[in-house]
Amino acid sequence: MPNIIEITDFGASQLDVYARLSEGQLLNRHEPEKGMFIAESPMVIERALDAGCVPVSVLIEKKHIEGQGKEIIRRCGDIPVYTAAFDVLTQITGFQLTRGMLCAMRRPKPKSVFEVCAGARRIAVLENVMNPTNVGAVFRSAAALGMDGVLLTPAGSNPLYRRSIRVSMGTVFQVPWAFFEEENGIGQLYKMGFKTAAMALREDAVRIDAPQLMQEEKLAIVLGTEGEGLASDTIARCDYTVRIPMARGVDSLNVAAASAVAFWQLGGRT
């Protein structure tokens with residue numbers, strides 16, 4: 001039986017995870033086994049459950065308990081299901097709920113770079129990409145266009161930040177990912193047989209449709225941060241420097257847009 005709890009006290013500590021805890025507090029670096037994240041909307045919550053994520057509680061608009069949230073509540077077992085009318089929930093969360101439903105979940109055990117790359121042919125590498133919206137968009141493109149995994153440098157945004165999850169449409173639970181243990185982890189990819197392609201605006205860069213890129217058995221596509229792009233030493237360590245041809249004097253694309261183009265051309269789409 002679901003444990004339905006009507007919200008009467010906005011200040012209840014059980015609601016802190018939805019209304020008052022920061023992303024850093026949810027991440028809980030000091031006790032990572034207690035870390036949590038927030039999944040929004042039935043589809044995203046279902047993808048998280050399918051990936052084995054463990055639910056802690058649900059916050060749902062009352063009218064959805066017997067509607068689109070019914071099956072999710074059943075899958076979540078006897079965890080607390082907090083509910084109220086739409087206007088009450090909006091006051092708690094500070095914004096409109098996506099499809100009227102949120103779920104607090106335990107963060108899964110992190111994967112290693114080796115686990116993500118085992119058996120992979122196409123990997124995306126995000127160097128210091130700090131905007132959660134961009135991270136989420138990259139994951140959505142990676143899922144749609146056949147990338148086998150995503151690797152991130154330690155300074156980048158966490159894919160399980162709330163906005164990243166929402167923008168990715170839950171694909172952060174479908175595409176394997178891991179953080180490098182150190183800032184410059186390109187060397188690990190070489191040990192696993194990958195060639196690397198740095199997306200950068202350089203005079204010596206090859207076009208993204210160069211035949212030799214498509215012929216690589218294992219390729220990592222390396223993308224840089226929003227403002228400065230890839231570090232010069234990262235570019236120097238990569239096997240290829242790759243550019244996307246531009247028209248009308250445009251010099252570059254946002255990292256999320258560039259990733260979609262790169263994954264379409266070089267990824268393992270079917």
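Residues take their numbers from the sequence shown, with the count starting at 1. Only a predicted model underlies this, so the values are computations on that prediction, with no experimental measurement involved.
Looking only at distances, a side-chain donor or acceptor of Thr225 sits under 3.5 Å from a matching main-chain atom of Asn128. The backbone N or O of Met36 lies less than 3.5 Å from no partner atom in the side chain of Arg106, so there is not a single donor-acceptor pair. Under the 3.5 Å distance criterion, the side-chain polar atoms of Ser141 are left unmatched by any main-chain donor or acceptor of Val138. At least one donor-acceptor pair closer than 3.5 Å links the side chain of Arg121 to the backbone N or O of Glu217. Listed for the Ser164 side chain is a donor-acceptor partner under 3.5 Å among the backbone atoms of Pro132. Looking only at distances, a side-chain donor or acceptor of Glu23 sits under 3.5 Å from a matching main-chain atom of Arg162. Listed for the Glu115 side chain is a donor-acceptor partner under 3.5 Å among the backbone atoms of Ser112. A side-chain donor-acceptor contact under 3.5 Å links Arg47 to the backbone of Met169.
Classification of Asp204 and Arg202 as a salt-bridged pair fails, no side-chain N sitting under 4.0 Å from a carboxylate O.
Taking 4.5 Å as the limit, every side-chain heavy atom of Asp239 sits out of range of all side-chain heavy atoms of Phe194. Side-chain contact check for Leu145 versus Ser259: every heavy-atom pair is 4.5 Å or farther apart. Under the 4.5 Å side-chain criterion, counting only non-hydrogen atoms from C-beta, Val150 is not in contact with Pro159. Residues Asp50 and Gln174 have side chains not in contact (no heavy-atom distance under 4.5 Å, counting atoms from C-beta outward). Side-chain contact between Met105 and Leu49: present, with at least one pair of heavy atoms (C-beta onward) separated by less than 4.5 Å. For the pair Pro245 and Ile208, the minimum side-chain heavy-atom distance is below 4.5 Å.
Each of Leu27 and Leu21 belongs to its own hydrophobic cluster when Ile, Leu, Val, Met, Phe, Trp and Tyr are linked at side-chain heavy-atom distances under 4.5 angstrom. A continuous path of ILVMFWY side-chain contacts below 4.5 Å connects Phe180 to Tyr190, so both sit in one hydrophobic cluster. Follow the hydrophobic side-chain contacts under 4.5 Å out from Val167 and you never reach Met43; the two are in separate clusters. Linking Ile, Leu, Val, Met, Phe, Trp and Tyr residues whenever their side-chain heavy atoms come within less than 4.5 Å leaves Tyr161 and Leu126 in two separate clusters. Hydrophobic clustering, with ILVMFWY side chains joined whenever heavy atoms are under 4.5 angstrom apart, keeps Val242 apart from Leu201.
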Residues Ile79, Asn3; criterion side chain to side chain contact (heavy atoms under 4.5 Å, CB included); working and verdict: CA-CA 6 Å; Ile79 65 172; Asn3 181 18; over 6 Å; no
Side chain to side chain contact (heavy atoms under 4.5 Å, CB included) assessment of Glu216 paired with Lys195: CA-CA 7 Å; Glu216 292 291 355; Lys195 292 295 182 68; 3.3 Å; yes
Pair Val113-Met192, side chain to side chain contact (heavy atoms under 4.5 Å, CB included): steps then yes or no: CA-CA 10 Å; Val113 171; Met192 291 181 282; 3.7 Å; yes
Leu15/Arg20 under side chain to side chain contact (heavy atoms under 4.5 Å, CB included): CA gap, chis, key distance, verdict: CA-CA 8 Å; Leu15 302 179; Arg20 289 173 283 275; 3.9 Å; yes
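Summarising the geometry of Cys53 relative to Pro55, their closest heavy-atom pair is O-CD, 3.5 Å, with the distance given to 0.1 Å. Closest approach of Tyr82 to Ser57, counting heavy atoms only: CE1-CB, 3.8 Å. For the residue pair Val222 and Cys238, the shortest heavy atom distance occurs at CG2-SG, 4.1 Å. Contact between Val58 and Cys103 at its shortest, heavy atoms only, is CG2-SG, 4.0 Å. Nearest heavy atom pair, residue Gln14 against residue Val17, reads O-CG1, 3.9 Å. Contact detail for Gly156 and Phe179: the closest heavy-atom pair is O-CE2, 4.1 Å.
Classified by interplanar angle (parallel below 30°, tilted 30° to 60°, perpendicular above 60°), the ring pair Trp177/Phe139 is perpendicular.
If you check the side chains of Tyr240 and Gln212, you find no donor sitting under 3.5 Å from an acceptor.
Within 6.0 Å of the CZ atom in Arg163, the count of heavy atoms belonging to other residues, nucleotides or ligands does not exceed 12. Annotation: Glu6, atom CD; neighbour count of heavy atoms from other residues, nucleotides and ligands within 6.0 Å is above 12. Other residues, nucleotides and ligands contribute more than 12 heavy atoms inside 6.0 Å of the NZ atom of Lys218. Atom CZ of Phe114 is surrounded by 12 or fewer heavy atoms from other residues, nucleotides or ligands within 6.0 Å.
Applying the side chain to side chain contact (heavy atoms under 4.5 Å, CB included) test between Ile60 and each of Met101, Gln68, Lys70 identifies Met101 as the sole match.
Annotation: the span from Asp148 atom CG to Leu219 atom CG amounts to 11.0 Å, rounded to 0.5 Å. The distance from the CG atom of Leu213 to the CD1 atom of Ile221 is 8.5 Å, given to the nearest 0.5 Å. Separation of atoms CE (Met214) and CG (Asp209) is listed at 9.5 Å; rounding is to 0.5 Å. The OG1 atom of Thr83 lies 7.0 Å from the CD1 atom of Ile7; values are rounded to the nearest 0.5 Å. Note that CE of Met147 and CG of Leu266 are 8.0 Å apart. Values are rounded to the nearest 0.5 Å. Separating the CD1 atom in Ile123 from the SG atom in Cys117 is a distance of 4.5 Å, to the nearest 0.5 Å.
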